Amino acid sequence: MSEVSLSREKLVDMYRKMWLARHHDVWVEDMKTKGQIMGSMHLATGQEAVSVGACAPLNDDDYTMHTHREHQQLIAKGADIGKMAGDMLGKVTGCARGKGGHMLLFDKDVHALGACGIVGGGVPVAVGYAMAFKVLGTKQVALTFFGDGAANEGSVHEAMNFAAVRKYPIIFLCENNRWGLTCPQHEQAAVEDLADRARGYGIPGVTVNGNDVLAVYEAVKLAVDRARAGDGPSMVECQTWRMRGMGFGDTMEYVPKEYLEEGSRQDPICLFEKKLVEKNILTVEEARAIEAETKKAIEDAYEAAKNAPNPDESVFWANVYAAEIC
Amino acid sequence: MTMKKVTYRQAINEALFEEMERDPKVVLFGEDVGTYGGVFKVTDGLKKKFGSDRVFDTPIAEAALMGAATGAAVAGLRPIVEIMFMDWIGIAMDQLVNQTTMIPYIWEGIKVPLVLRTQGGSGSKGSCQHTKSLEAWIYHVPGIVVAMPSTPYDAKGLLKSAIRNDNPVAFIEHKMLYPTEGEIPEGEYTVPLGKASVKREGKDVTIVALSKMVVESLKAAKELEEEGISVEVVDPVTIKPLDMETIAASVKKTNRVIVVNEAFRTGAVASDITAQIQEQCFDDLDGPILRVTAPDVQIPYSPALEQFWLPGKDKIKQAVLASLKR
Ligand SMILES: Cc1ncc(C[n+]2csc(CCOP(=O)(O)OP(=O)(O)O)c2C)c(N)n1
Ligand SMILES: [Mg+2]
């Protein structure tokens with residue numbers, strides 16, 4: 001595991017966000033099991049280090065683009081959990097007032113804009129964010145998450161080349177859990193490390209252990225500094241383990257047992273906690289208190305969302321056009 | 001003829017099995033169609049039976065899927081390519097509009113015998129990137145046959161015809177129809193492309209309905225019968241080319257028409273069918289042709305909002321009653 005060079009406050013915040021993210025996905029999985037959430041459900045349980053490590057070097061006003069497996073990514077960016085719960089349950093208290101559901105979360109207050117159920121669909125949009133930052137000279141950066149499966153979409157290749165040529169301030173963050181739906185990475189790509197492709201676009205690319213939150217942090221921090229300095233995009237590939245099915249109800253017969261065992265051994269929260277305790281940054285008691293406090297925060301958010309009102313018909317008709325036409 | 005009961009899903013699966021067995025040039029590929037057997041299990045068992053040269057999973061790359069199917073068809077195969085959800089047909093659309101359908105017209109003497117299988121439709125709480133019905137986009141393109149069966153019987157027989165046909169055929173399924181049951185013959189049969197099917201005879205009003213809206217229209221017709229209204233339900237089955245002969249014969253009898261299509265209203269296939277009836281049956285009409293469609297609104301997630309989007313039995317009944325008052 002990477003060395004610790006951050007302030008105690010930052011490290012504890014990252015640890016706390018990892019627990020929030022974990023509890024979130026465990027909680028909604030349970031609700032889904034009980035039939036309390038309708039529609040599909042993509043969980044990232046066990047992938048917390050990618051989201052948290054990637055968002056930790058960003059400022060609030062940096063924009064992030066997310067995937068279909070995005071709950072934890074939004075939590076890592078600092079999204080409001082109460083509003084998120086509202087959206088997850090289709091309630092009017094959500095940022096989308098219940099219109100989007102689990103696969104289209106966003107939170108404009110923290111510039112998490114936003115999730116996308118079309119694999120690879122968000123990546124070009126993030127290039128546009130970076131274009132705006134460069135043209136407007138704002139020093140903000142964009143970071144776009146995408147999966148190993150998404151890495152093979154034309155939209156992703158086009159976006160990376162475009163951003164590279166224009167030297168836009170963007171980080172291409174590949175969350176490589178080695179599965180695209182039911183299909184293993186080696187059946188979808190002939191390279192082992194997807195970051196090798198960065199060379200072909202003329203940008204830096206690195207592959208890190210995505211379950212080591214500090215390794216992710218360091219790689220993304222370098223990329224963010226580069227982007228802010230005007231040196232253009234980078235690609236960071238985080239190799240991680242998808243510990244749940246593609247979606248809820250996927251029984252995962254096709255996933256080898258060894259893969260899941262390795263993923264369990266590499267539990268990102270355990271690894272990080274061990275490190276923090278070793279370095280005397282956190283005591284075990286403090287760690288347990290954070291674990292409990294974050295669980296309560298998720299429970300409270302979902303309890304409130306359950307009791308929140310549904311959107312009414314006026315919400316349905318609102319914002320088909322968000323501006324006056326004539 | 002001995003009949004048996006199967007689901008819409010099984011009917012399609014049987015057609016695929018039988019046609020792949022009959023013709024070694026038939027190949028099937030797409031995302032998750034091989035090992036997993038398709039996210040809706042429609043292609044279950046095919047890879048096992050026919051091997052991974054003829055049935056295989058692909059990278060997530062819809063533009064390349066559509067283009068490769070086109071090239072393979074030109075070079076001697078009879079590909080069946082699956083685009084998992086119609087919502088992302090846009091990624092494949094350039095290939096479809098500028099290659100698949102251009103080639104037979106301009107490259108005289110070259111045929112493109114392929115089947116594009118996809119599915120659309122809402123009702124799954126899938127939010128707006130997994131529920132759209134975009135058949136109008138494909139329908140708009142010259143040189144493609146577009147089929148939208150509503151029953152297991154039509155689905156199996158029509159898919160067999162589609163695979164044997166030397167034109168590109170878009171075969172559009174409805175996700176909510178997969179578990180629905182119906183009778184099909186034990187043995188070999190086909191259903192011709194380009195032939196409508198009268199699903200219920202009646203004399204007061206003709207409903208022309210597409211895909212799952214046939215099921216909804218039949219429910220509406222049954223309830224209206226109790227109110228003394230006799231409704232004829234015509235399923236075009238193939239929407240392009242449209243069997244205007246069958247539709248015109250029905251209009252001649254009832255003099256009133258409703259066109260039902262689960263799709264955004266503006267530019268829907270329903271609009272075009274309405275125009276064709278108006279042009280060809282004007283003298284037989286006793287009132288305006290009414291359309292039952294979804295509104296021009298993205299499809300929201302919240303179960304509380306979806307009802308405002310979905311066309312169905314009740315909206316169809318209202319339209320029939322309105323039509324009789326004109
Ligand atoms: C354009 C498009 N193609 C296919 C899909 C269906 N689909 C949803 S998730 C997924 C796998 C994505 O894999 P990856 O990018 O690795 O993300 P992960 O699920 O592993 O987080 C697929 C094929 C989709 N949603 N959008
Ligand atoms: Mg993946």
Side-chain angles (χ1 to χ4, degrees), chain A residues 37-40 68 86-92 94 96-104 115-121 147-158 180-185 187-190 246-247 250 252-254 309-321, chain B residues 29-39 41 43 47 52 56-67 84-92 94-95 122-132 175 264-266 294-310:
Chain A
I37 303 184
M38 313 279 269
S40 61
H68 58 283
D87 277 323
M88 293 284 293
L89 302 189
K91 298 302 182 81
V92 75
R97 293 195 284 170
K99 287 195 233 185
H102 118 85
M103 232 186 302
L104 293 170
C116 181
I118 304 297
V119 167
D148 49 305
N152 305 312
E153 279 283 9
S155 60
V156 174
H157 293 283
E158 292 175 25
L181 236 164
T182 66
C183 202
Q185 189 205 328
E187 285 185 29
Q188 301 204 27
M246 159 56 204
D250 173 359
M252 299 209 284
E253 290 95 354
Y254 57 87
N310 282 322
D312 62 20
E313 192 174 349
S314 69
V315 176
F316 176 76
W317 296 105
N319 288 338
V320 173
Y321 294 97
Chain B
F29 56 91
E31 295 155 15
D32 306 276
V33 299
T35 307
Y36 194 66
V39 291
K41 289 284 173 198
T43 55
K47 180 176 171 188
S52 56
F56 51 93
D57 295 320
T58 65
I60 308 171
E62 292 77 12
L65 281 175
M66 195 66 232
M84 192 190 291
F85 281 69
M86 215 201 304
D87 303 69
W88 47 81
I89 190 74
I91 304 168
D94 167 62
Q95 293 291 327
S122 54
S124 55
K125 313 287 181 286
S127 196
C128 60
Q129 293 175 335
H130 287 75
T131 48
K132 287 196 271 281
K175 62 175 72 63
F264 303 129
R265 190 168 184 83
T266 301
D296 286 333
V297 178
Q298 296 276 347
I299 307 166
Y301 163 72
S302 179
L305 297 179
E306 202 186 37
Q307 54 172 322
F308 301 115
W309 194 87
L310 277 178

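Protein chains get the first letters and strands the later ones, always in sequence-line order, with residue 1 at the start of each. None of these values were measured; they are calculated from a predicted model.
Looking at every heavy atom in both residues, B/Pro295 comes nearest to A/Trp317 through CB-CH2, 3.6 Å. When all heavy atoms of B/Tyr301 and A/Met88 are compared, the closest pair comes out as OH-O, 3.4 Å. Taking each heavy atom of B/Trp88 and A/Gly117 in turn, the nearest pair found is CZ3-O, 4.2 Å. Considering all non-hydrogen atoms of both residues, B/Asp296 and A/Val320 come closest at O-CG1, 3.4 Å.
For A/Phe316, the parts lying near chain B are the backbone and the side chain together; criterion is any non-hydrogen pair under 4.5 Å. Both the backbone and the side chain of B/Glu62 come within contact range of chain A, with heavy atoms under 4.5 Å apart. When heavy atoms are compared at a cutoff of 4.5 Å, A/Ile118 approaches chain B by way of both its backbone and its side chain. Interface remark: A/Asp87 contributes backbone atoms only to the contact with chain B (heavy atom separation under 4.5 Å).
Atoms OG1 and CD, on B/Thr58 and A/Glu187 in that order, are 10.5 Å from each other to the nearest 0.5 Å. To the nearest 0.5 Å, atom CD of residue B/Glu306 and atom CE of residue A/Met38 are 8.0 Å apart. Rounding to the nearest 0.5 angstrom, the gap separating the SG atom in B/Cys128 from the CE atom in A/Met103 is 9.5 Å. To the nearest 0.5 angstrom, B/Ser302 atom OG is 11.5 Å from A/Arg97 atom CZ. Between the CD1 atom in B/Ile60 and the CD atom in A/Gln188 there is a gap of 4.5 Å [rounded to 0.5 Å].
Taking chain A as the reference chain and counting heavy-atom pairs below 4.5 Å, the highest number among B/Ala61, B/Ala63, B/Gly34 is found for B/Ala61. Of the listed residues (A/Asn310, A/Val92, A/Asn152), the greatest number of heavy-atom pairs within a distance under 4.5 Å of chain B belongs to A/Asn152.
With contacts defined as side-chain heavy-atom distances shorter than 4.5 Å, the pair A/Cys116/B/Gln129 qualifies. For the pair B/Asp32/A/Met246, no side-chain contact is recorded, criterion being any heavy-atom separation below 4.5 Å from C-beta on. Under the 4.5 Å side-chain criterion, counting only non-hydrogen atoms from C-beta, B/Met84 is in contact with A/Leu181. In this structure, A/Thr182 and B/Thr35 have side chains that are not in contact, with every pair of non-hydrogen atoms separated by 4.5 Å or more.
No donor-acceptor pair under 3.5 Å is formed between the side chain of B/Tyr36 and the backbone N or O of A/Cys183.
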